[in-house]
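Notes to accompany the following structure.
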Amino acid sequence: MKFEDAMRLAQQRGFFFKSAESYPNSPAGFWEYGPLGVSMRNKFVELWRREVVKRDGMLEIDGAQILPKGVFEASGHLSGFTDPFVKCGNCGSVFRPDKLIEEKSKRPVPEKLTDGEYDELMQKEGVKCTKCGSKLSGTGRFNMMFRVGVGPQQEEAYLRPETCQSIFVDFPLLFKTQRVKLPIGVAQVGKSFRNEIAPRQGLLRLRELNQAEVEVFFNPKKIDGKRFERAEEVVLNFVAPDGKKTTATVVGAVEQGLVPNALVGYYLALVNSFYARAGLPPDRVRFRMLAEEDRAFYSLGAFDLEVELSVGWVELVACNYRGDYDLSRHSRISGTDFSVDDEGEKVVPHIFELSLGVDRSLYALLETSMAVDGERRTLRLKPYLAPRTTGVFPLVNKDGLPELAEKIERSLKEDFDSFYDDSGSIGRRYARADEAGVPVCITVDYDSLKDNSVTLRSRDTSGQERVQISDLRGVIAGAISFPRLLLEG
RNA sequence: GCGGCCGUGAUCCAGUGGUUAGGAUAGUGGCUUCCCAAGCCACUUGCCCGGGUCCGAAUCCCGGCGGCCGCACCA
């Protein structure tokens, strides 16, 4: 129920809505951000820059969305990012061969067989189309990347399925030109594209998605350091593959072997504190430790940051220790040396990745901050993430009040996300503002004309105070200021 | 992709073979209004798409697309 409520509010207030809905056959998995959604996303990304990128002294890039075939040969997406399928020659139905074989033989089918092995098993078991009984095609592959043809020759290229490949490919140039040393984080926020078979649940599963990624490059022989110590006392929640829950400080988690080393612990703490600042309730955030069989084949360790929502635990950030897989592969396939100098030592850096889903995060913030009290809905977003900062209202539409209110709004709109509203009763305007998460509203009344003061009304308490018009700028700036950083020192 | 349920204004709901497709909420314009969705008047917006059955389809049938749930997938 909560999921539908949140989606309804998102659409009614213009946070996000389905793409091109006026056209029939518009496919699932594509969404548009409306005015409030864009504003909130901008602020969310800015908070990420502040709490993660700048905090850690990372480099930020913005890579191309279309990349040549070779990049995905190196990354493994061309061969590995696929699902097997068979097609009925008669009725055209599409099936997964492993499911058909399992159904027929009543035995589990081993994972990751070759196409030939599927064909052989289907032959042996006499698998036919379950719809019409006709013969099926040989096993084919459905690649989840969107293929595009570049230029008149339609050169084979793909929309990137993750933002990180640009970071890997650009790394040698960045290292040479930016005068940095290992360990160094490189960040990127941008779009990725995945041709999902069954996108579902709004922003939680998209074909076109926004990611904010961090790739930390480091010398695997140097995984401790002073800079990592400042996260030692941060408390994190873990859940093991067997379901066992543990709450531990970073230093404790490293000692218990939950986390492989101080570097990984530091970055888990960094992303954890980012979400605390964004406003997710800390007791509903945890790191799921992935079992070996659930990880990508190159992964040397993986943690998913999850949040508990109405639909269950949802993964927001994939934290992956990728070893030297990426740089070694790009070295080999491109023929370029991807090793760098680290204090006199030639090294192919290892990579720890924090791959954050922006759209999912925004949905999670919307759902967790939505408070419903009867008819009344209030979006208790952190003031620095609220898409609209302040509304200016004349108490009544006469006697010069609108003129003064408009003047105040004009003086604020360039520095703040303000709006003017004179429609309906004052209570109605407060209610509308609450739904959009506006943290403070300004009301101009008859006293304002006499003493240059206005009412400042708070979203979360509905309390009021009088403020001089000349003080408004400072008061509002204070109300939406960023919190102090968690990882001091 | 498989199975189940479902699809009427921006939202929620009524309408199950013949209705000018109705209401509520929201929205717009106006009136009123000295602080929390008050009231009055007027107005805007709809049967997911395509095919079939029928004299006649929002309603029945088929297909597509979409939504929710379960399974699978999630590098």
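The sequence lines fix the lettering, A, B, ..., with proteins before strands; numbering per chain opens at 1. Heavy atoms only: backbone and side chains are in, while hydrogens, waters and symmetry mates are out.
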With the side chain of [X] defined as its heavy atoms from C-beta on, choose the nearest nucleotide among [options].
X	options	value
A:Pro27	B:C36, B:C34, B:G66	B:G66
A:Asn397	B:C2, B:U33, B:A10	B:U33
A:Gln12	B:A10, B:C74, B:G70	B:A10
A:Ile426	B:C35, B:C34, B:G1	B:C35
A:Asn25	B:C2, B:C36, B:C65	B:C65
A:Arg194	B:C2, B:A37, B:C74	B:C74
A:Ala198	B:C69, B:A72, B:G67	B:A72

When rounded to the nearest Å, what value does the distance between [atom1] atoms of [N] and [M] take?
N	M	atom1	value
B:U33	B:U8	P	41 Å
B:A58	B:C48	C1'	12 Å
B:U53	B:C43	C1'	40 Å
B:U19	B:C5	P	30 Å
B:G18	B:A57	P	11 Å
B:G22	B:U44	P	12 Å
B:G64	B:U11	P	25 Å
B:U25	B:A37	C1'	10 Å

Distance check needed: [N] [atom2] versus [X] [atom1], whole Å only.
X	N	atom1	atom2	value
A:Leu395	B:A38	CG	P	14 Å
A:Trp31	B:G66	CH2	P	12 Å
A:Lys2	B:C68	NZ	P	17 Å
A:Met145	B:C74	CE	P	15 Å
A:Tyr430	B:C34	OH	P	15 Å
A:Leu9	B:C12	CG	P	12 Å
A:Asp421	B:G27	CG	P	9 Å
A:Leu456	B:C36	CG	C1'	15 Å

Any N or O donor-acceptor pair linking the side chain of [X] to the base of [N] at under 3.5 Å?
X	N	answer
A:Tyr23	B:C49	no
A:Asp445	B:C35	yes
A:Arg457	B:C36	yes
A:Arg205	B:C73	yes
A:Arg432	B:G27	no
A:Arg429	B:C36	no
A:Glu435	B:A26	no
A:Ser462	B:C36	no

Quick test of your reading of the model: are [X] and [Y] salt-bridged, counting only N-O distances below 4.0 Å?
X	Y	value
A:Lys191	A:Glu208	yes
A:Arg388	A:Asp421	no
A:Glu435	A:Arg432	no
A:Arg377	A:Asp434	no
A:Arg207	A:Glu196	no
A:Asp447	A:Lys450	yes

[X] side chain N/O closer than 4.0 Å to the phosphate oxygens (OP1, OP2) of [N]?
X	N	value
A:Ser425	B:A37	no
A:Lys398	B:U33	yes
A:Arg428	B:A26	yes
A:Gln201	B:C69	yes
A:Arg8	B:C12	yes

Does [N] have a Watson-Crick or wobble partner in any strand here, with both distances under 3.5 angstrom, and which is it?
N	result
B:U59	none
B:C31	B:G39
B:A14	none
B:U53	none
B:C71	B:G1
B:G66	B:C6
B:U20	none

Applying a 4.0 Å non-hydrogen cut-off, can you work out what [X] is touching in the nucleic acid: base, sugar-phosphate, or nothing?
X	answer
A:Asp447	nothing
A:Ser423	sugar-phosphate
A:Ser299	nothing
A:Gly202	sugar-phosphate
A:Ala28	sugar-phosphate
A:Pro161	base
A:Arg322	nothing

- line: Residue pair A:Arg377/A:Pro199 against RNA chain B: nearer the 5' end by closest nucleotide is A:Arg377
- request: Starting from the 5' end of RNA chain B, give me the residue, A:Thr443 or A:Glu21, whose nearest nucleotide shows up first.
  value: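 Taking each residue's closest nucleotide, the earlier one in sequence belongs to A:Thr443.
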message: Once you measure the plane-to-plane angle for A:Tyr267 and A:Phe352, does it fall in the parallel (<30°), tilted (30-60°) or perpendicular (>60°) bin?
response: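 The rings of A:Tyr267 and A:Phe352 sit tilted, inter-plane angle from 30° to 60°.
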task: Walk me through it: do A:Met40 and A:Leu365 pass the test side chain to side chain contact (heavy atoms under 4.5 Å, CB included)?
output: CA-CA 10 Å; A:Met40 182 177 166; A:Leu365 288 168; 3.8 Å; yes
A:Asp242, CG: over 12 other non-hydrogen atoms inside 6.0 angstrom: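 Result for CG/A:Asp242: enclosed.
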field: Reported CE-to-SG distance for the pair A:Met289 and A:Cys319, which is rounded to 0.5 angstrom
entry: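 If I round to the nearest 0.5 Å, the distance is 12.5 Å.
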